[in-house]
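Take a look at the structure set out below.
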There are 2 protein chains.
Amino acid sequence: MDTEIANLLGALSLAVMDRIEQGAREVIGRGGETPAALIVIGYGEGMTNEKLRRILGLSHSGTVRLVDRLVSDQLVERRPGDDAREVALHLTPRGAAARKELMASRISAVASLLNVLSPAETKRLGTLIRDVLMRQDTSEMDRFTICRMCDDRVCTRCPLPTAKGKRGR
Amino acid sequence: MDTEIANLLGALSLAVMDRIEQGAREVIGRGGETPAALIVIGYGEGMTNEKLRRILGLSHSGTVRLVDRLVSDQLVERRPGDDAREVALHLTPRGAAARKELMASRISAVASLLNVLSPAETKRLGTLIRDVLMRQDTSEMDRFTICRMCDDRVCTRCPLPTAKGKRGR
DNA sequence: GCGCATATATGCGCAGCGCACATATATTTG
DNA sequence: CAAATATATGTGCGCTGCGCATATATGCGC
């Protein structure tokens, strides 16, 4: 049955995200969309509050307060944007370091679940996951949303259609 | 690279959980571990607060307040347990209906991502996911935790070692 | 300049959760 | 059997994460 496989993927995804979120909380001491925000801000220089908001799927105020937390944790700083209405978000050195640690923690959390497969099985699984992602009908923003925790040092060929999922534009 | 595949699984898992959580919030108007709690309570009659706490990975008080919410939403009722210290949690008719809707929403959310694969590909993916889960080194409680959103009408042969993952015991 | 859209910030409140503590019932031990 | 201990639940309090409504500042078209 197809639903049985959907159920299995749901269970695996839950296990994966549990581990990712736990690791993220250990690294930066924050939960919710805060770790994703740190990663997204690092994709490009000068991410704005508004773009971040759309990628994370939060409200305006929620995003402002999230950035407040990142600023007070000295991981991010607000600089004036080219457009004087905008705030350009930049990682501090501490923020860049935390971001790297965050992504490493995420990869290692997933890998620890995955390393029970043989290399051949892993490769087959990778191909299938790539196919699933490649064939999704995603808007530009959807792609950034799905990729909001992705490790851009590792994801050199993002399968999502028509974008690399790497730039904060 | 192995880490590349880990990254892809992380991205897919995030997409899957985003959709599951959004659907759950639409069905019962609550987030966090509340939907999982409703599903877990439905696995068996007389789930206790303490067992629930361990499965969901929450604190005592967090669990009590979570159950308070379910009770005030008239989805769950507290009955005296066999052991007079325990509270036996039971779904109300409304709770059982919400639970079914919750699980259906979850399956359909995952299936909508998965239906881009051919039947043969889907089957291969199912086999690989089953292998990943089957080979995990999980404690008894880990299994309930991983299965805390599983649809017991669909998951007739849970791959997790040494248990069916179906009973609330 | 004026009206409107865009981007950010703030006041306020709620959901979800943990810590510390209190209470009630079982279980073990002397 | 009584006392100490373990187990299960409930409560006061506060924090994090977030949304709604509103206010302010800047850009853009006319």
Side-chain angles (χ1 to χ4, degrees), chain A residues 17-18 21-22 24-38 40-41 46-73 75-90 141 145 148 168-169, chain B residues 17-18 21-22 24-38 40-41 46-73 75-90 141 145 148 168-169:
Chain A
M17 290 311 298
D18 277 355
E21 283 164 15
Q22 183 190 338
R25 188 171 288 279
E26 283 166 11
V27 171
I28 62 169
R30 305 239 176 227
E33 293 297 328
T34 309
L38 195 61
V40 169
I41 291 169
M47 167 69 57
T48 70
N49 221 320
E50 174 62 16
K51 287 178 208 160
L52 185 61
R53 180 194 81 75
R54 278 190 282 228
I55 293 172
L56 301 181
L58 298 180
S59 67
H60 289 278
S61 61
T63 309
V64 172
R65 299 285 153 67
L66 193 165
V67 173
D68 287 346
R69 291 192 294 273
L70 289 175
V71 169
S72 79
D73 290 349
L75 301 175
V76 164
E77 56 180 29
R78 289 178 163 115
R79 298 188 198 160
D82 295 343
D83 185 326
R85 291 171 301 183
E86 294 178 346
V87 169
L89 302 173
H90 292 260
M141 203 48 65
T145 299
R148 71 190 188 275
R169 230 274 60 159
Chain B
M17 291 311 298
D18 278 355
E21 283 164 16
Q22 182 190 339
R25 188 171 287 279
E26 284 166 10
V27 171
I28 61 169
R30 303 234 177 233
E33 292 298 328
T34 309
L38 196 61
V40 169
I41 291 169
M47 167 69 58
T48 70
N49 223 320
E50 173 63 16
K51 286 178 210 160
L52 185 61
R53 181 194 81 75
R54 277 189 281 225
I55 292 171
L56 301 181
L58 298 179
S59 67
H60 289 277
S61 61
T63 309
V64 172
R65 300 284 154 67
L66 192 164
V67 173
D68 287 346
R69 290 193 294 274
L70 289 174
V71 169
S72 79
D73 290 349
L75 301 176
V76 164
E77 55 180 31
R78 289 178 163 114
R79 298 188 197 158
D82 294 343
D83 185 325
R85 290 171 300 185
E86 294 178 347
V87 169
L89 302 172
H90 292 261
M141 203 48 64
T145 299
R148 72 189 186 274
R169 232 273 58 166

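Proteins get letters first, then strands, A, B, ... in listed order; numbering begins at 1 in each.
Interatomic distance, OG1 of B:Thr63 versus NZ of B:Lys51, reported as 14.0 Å (0.5 Å rounding). Separation of atoms NE2 (A:His90) and CZ (A:Arg78) is listed at 13.0 Å; rounding is to 0.5 Å. Taking CD1 of B:Ile41 as the reference point, atom CG of B:Leu70 lies at 5.5 Å (rounded to 0.5 Å). With values rounded to the nearest 0.5 angstrom, B:Arg54 atom CZ is found 8.5 Å from B:His60 atom NE2. Interatomic distance, B:Leu66 CG to B:Leu38 CG, rounded to the nearest 0.5 Å: 9.5 Å.
Residue A:Arg30 is in sugar-phosphate contact alone, with no base atom involved, counting any heavy-atom pair closer than 4.0 Å across all strands shown. When heavy atoms are screened at a 4.0 angstrom cut-off, A:Thr63 is found touching no nucleic acid atom at all. If you check every strand for non-hydrogen atoms under 4.0 Å, A:Gly31 touches sugar and phosphate atoms only. Here B:Val87 lies in heavy-atom contact (under 4.0 Å) with sugar-phosphate atoms only. If you check every strand for non-hydrogen atoms under 4.0 Å, A:Asp83 touches sugar and phosphate atoms only.
Between the P atom of D:dG10 and the CG atom of B:Leu52 lies a distance of 12 Å, rounded to the nearest Å. If you measure from atom CG of A:Asp68 to atom C1' of D:dT16, you get 13 Å, rounded to the nearest angstrom. For B:His60 and C:dT23, the NE2 to P distance is 17 Å, given to the nearest whole Å. One can place CG of A:Asn49 at 16 Å from P of D:dT26, the figure rounded to the nearest angstrom. Straight-line distance from the CZ atom of B:Arg85 to the P atom of D:dT5: 17 Å, rounded to whole Å. A:Ile28 has its CD1 atom 13 Å from the P atom of D:dT16, to the nearest Å. Between A:Arg65 atom CZ and D:dG19 atom P there is a gap of 12 Å when expressed in whole angstrom units. Distance, A:Arg78 CZ to C:dT10 C1': 12 Å, rounded to whole Å.
With hydrogens and angles left out, the side chain of B:Arg25 and the base of D:dG19 share no donor-acceptor pair within 3.5 Å. Donor-acceptor pairing under 3.5 Å, judged by distance alone, is absent between the side chain of B:Ser59 and the base of C:dC17.
Each of A:Gly32 and B:Ser61 lies near DNA chain D, and the nucleotide nearest B:Ser61 is the one positioned closer to the 5' end. Nearest-nucleotide assignment on DNA chain C puts the 5′-proximal partner with A:Glu86, out of A:Glu86 and A:Val64. Residue-to-nucleotide proximity on DNA chain D shows that, of A:Leu58 and A:Asp82, the 5′-proximal contact is made by A:Leu58.
Pair assignment for D:dT7 gives C:dA24, based on Watson-Crick or G-U wobble hydrogen-bonding distances that are each under 3.5 Å.
Listed nucleotides: C:dT25, D:dT9, D:dG17. Nearest to the side chain of A:Arg69: D:dG17.
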